[in-house]
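To find a chain, count down the sequence lines: A is the first, B the second, and so on, and within it residues start at 1.
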Protein chains: 2
Amino acid sequence: MPADTKAKLLESAERIVRERGYNGFSYADLAQEIGIRTASIHYHFRAKSDLVLALIERYAERIAGGLADLSRTGPTGAHRIAGYIAVYRDALREGSSLCLCVSLSADAESLEPTALSALEAFHRAGVAWLTEAFELATADGSIERVGVPASEAAATLALVEGAQLVGRASRSVEPFDAAVLLLRARLGDAG
Amino acid sequence: MPADTKAKLLESAERIVRERGYNGFSYADLAQEIGIRTASIHYHFRAKSDLVLALIERYAERIAGGLADLSRTGPTGAHRIAGYIAVYRDALREGSSLCLCVSLSADAESLEPTALSALEAFHRAGVAWLTEAFELATADGSIERVGVPASEAAATLALVEGAQLVGRASRSVEPFDAAVLLLRARLGDAG
DNA sequence: CGACACCTATCTAGTAGTAGATAGGCATCG
DNA sequence: CGATGCCTATCTACTACTAGATAGGTGTCG
């Protein structure tokens, strides 16, 4: 059953990039991990830049799907925001990895324009989803003192991405929890 | 006057690491930039890990100095927090670079334990300084609705670091400003 | 003073190893 | 047959790092 090699490549590559960054991973790492030669990777992804683009698109789709589920199941704005925080908390994996797009943002200089655009789109989508969640929260009263929803959204995205970074530096989830504590407190029972 | 080569090396290396990350810069880049051979760099810094450690220590000292000045000159807690935000905003350089420690946190996996410790210390110092500033703000009433100072501090550090990252991805300072807008609003005239 | 010794800061030339990428071949299977 | 998927072998460019030499400054001591 060799048909799922491409999927395995994406799976492993995502993990490695999230742990070591774009410039910190190589085709050699990837090849060894799934048991083929480096040359064979080029059959599936002509260049490293093609692989990373596929990585971002796949990741963005997966996260978008998760957030769509959250929109469907989250009864209040507060529940949605709490779910969003949980997504980033899980992605941190106890301090051993970052959200793919956090990792790639730091290596922005090495990325092709197409990848950079995909990265921006990911951030825009996150802010848009959060804006809607904060708008809902304004309406349902589930979050205390909601400011302009778009501003709350931009702040929340930056907060969770920064919280991941601080957690990564100390290989622990604790700094993440400390950073989002006040926001969670505003969410009441949902937090 | 060759005596300042070491200083030039640190200066250039800091800029390159902040633009391209730890794994995205090489002795070759550095050598070319200041006009010596790569071998000569090893005279000043035996290994790349020694260079990066020196980089962090120098950076941490400089920032600590700046914050100490801010503590002396900032009349209120709000003014101090506003100054802190400005430090990170300047470090972003219109989206072309990151705070050294933000950049290195993303490449944590490639760093030696000593460098990692220095990175953690940098974050701890930032939170400690911010905690004091929020305590002052509680006392002088210069910031609206201050929560537990230590929690406000952790959130603020994460916010500005994340805001930098989002700005970096779109090579612009605008996402940074959007992310800190609500915090700034809380600072009143000082923001 | 001047000879010897050491130090600083750089050089040229090279190491072994790794990077991503390419060309062409060889199975397997519908 | 011919596409698919992987291989071997190779390439060029670059990685951090080392060895050994050199030019020039500084200090010490007879």
- Message: Please determine whether a side-chain nitrogen or oxygen atom of B:H44 lies at a distance below 4.0 Å from atom OP1 or OP2 of C:dT10.
- Response: yes
- Less than 4.0 Å between a side-chain N and a carboxylate O, is that true for A:R168 and B:E109? yes
- State which of C:dT22, C:dG20, D:dA16 makes the closest approach to the side chain of B:K48. D:dA16
- Message: Please say yes or no: joined through hydrophobic side-chain contacts below 4.5 Å, possibly via intermediate residues, are B:V173 and B:L100 part of one cluster?
- Response: yes
- Message: Taking only side-chain N and O atoms of B:R37, does any of them lie within less than 4.0 angstrom of OP1 or OP2 on C:dT12?
- Response: yes
- Given atom CG of A:L9 and atom C1' of D:dC6, what is their separation to the nearest angstrom? 12 Å
- Over how many whole Å does the gap from A:L51 atom CG to C:dA21 atom P extend? 10 Å
- Item | A:I41 CD1 to D:dG5 P, straight-line distance once rounded to whole Å | 15 Å
- Message: Within the 4.0 Å heavy-atom criterion, would you say B:F45 contacts the bases, only the backbone, or no part of the nucleic acid?
- Response: nothing
- Note on the structure: A:Q32 CD to C:dG20 P, in whole Å, measures 14 Å
- State yes or no: do A:I81 and A:V87 share one hydrophobic cluster built from I, L, V, M, F, W and Y residues joined by side-chain heavy-atom distances below 4.5 Å, directly or via other members? yes
- Row check, B:F45 ring normal vs B:K6 NZ/CZ: under 6.0 Å, within 45°: yes
- Message: Tell me the interatomic distance from B:D4, atom CG, to C:dA9, atom C1', rounded to whole angstroms.
- Response: 12 Å
- Message: For A:A28 and A:A39, find the nucleotide of DNA chain C closest to each by heavy atoms; which residue's nucleotide sits nearer the 5' end?
- Response: A:A28
- Item | Gap between atoms NE2 and C1', on A:H42 and C:dG20 respectively (whole Å) | 5 Å
- Task: Find the distance B:N23:CG to C:dA19:C1' and express it as a whole number of Å.
- Result: 13 Å
- Note on the structure: Heavy-atom closest pair (A:R46 atom, A:D50 atom, distance to 0.1 Å) is CB-OD2, 3.5 Å
- Quick one: on DNA chain D, does A:Y43 or A:I36 contact a more 5' nucleotide (nearest heavy atom)? A:Y43
- Query: Of the nucleotides D:dC7, C:dC11, C:dT10, which has the atom closest to the B:T5 side chain?
  - Reply: C:dT10
- Message: Could you tell me how far apart A:L30 (CG) and C:dT18 (P) are, to the nearest whole angstrom?
- Response: 16 Å
- Message: Among C:dA21, D:dA19, D:dC6, which nucleotide has an atom closest to any side-chain atom of A:S40?
- Response: D:dC6
- Message: Under 4.0 Å from OP1 or OP2 of C:dT18: is there any side-chain N or O of A:S26 that close?
- Response: no
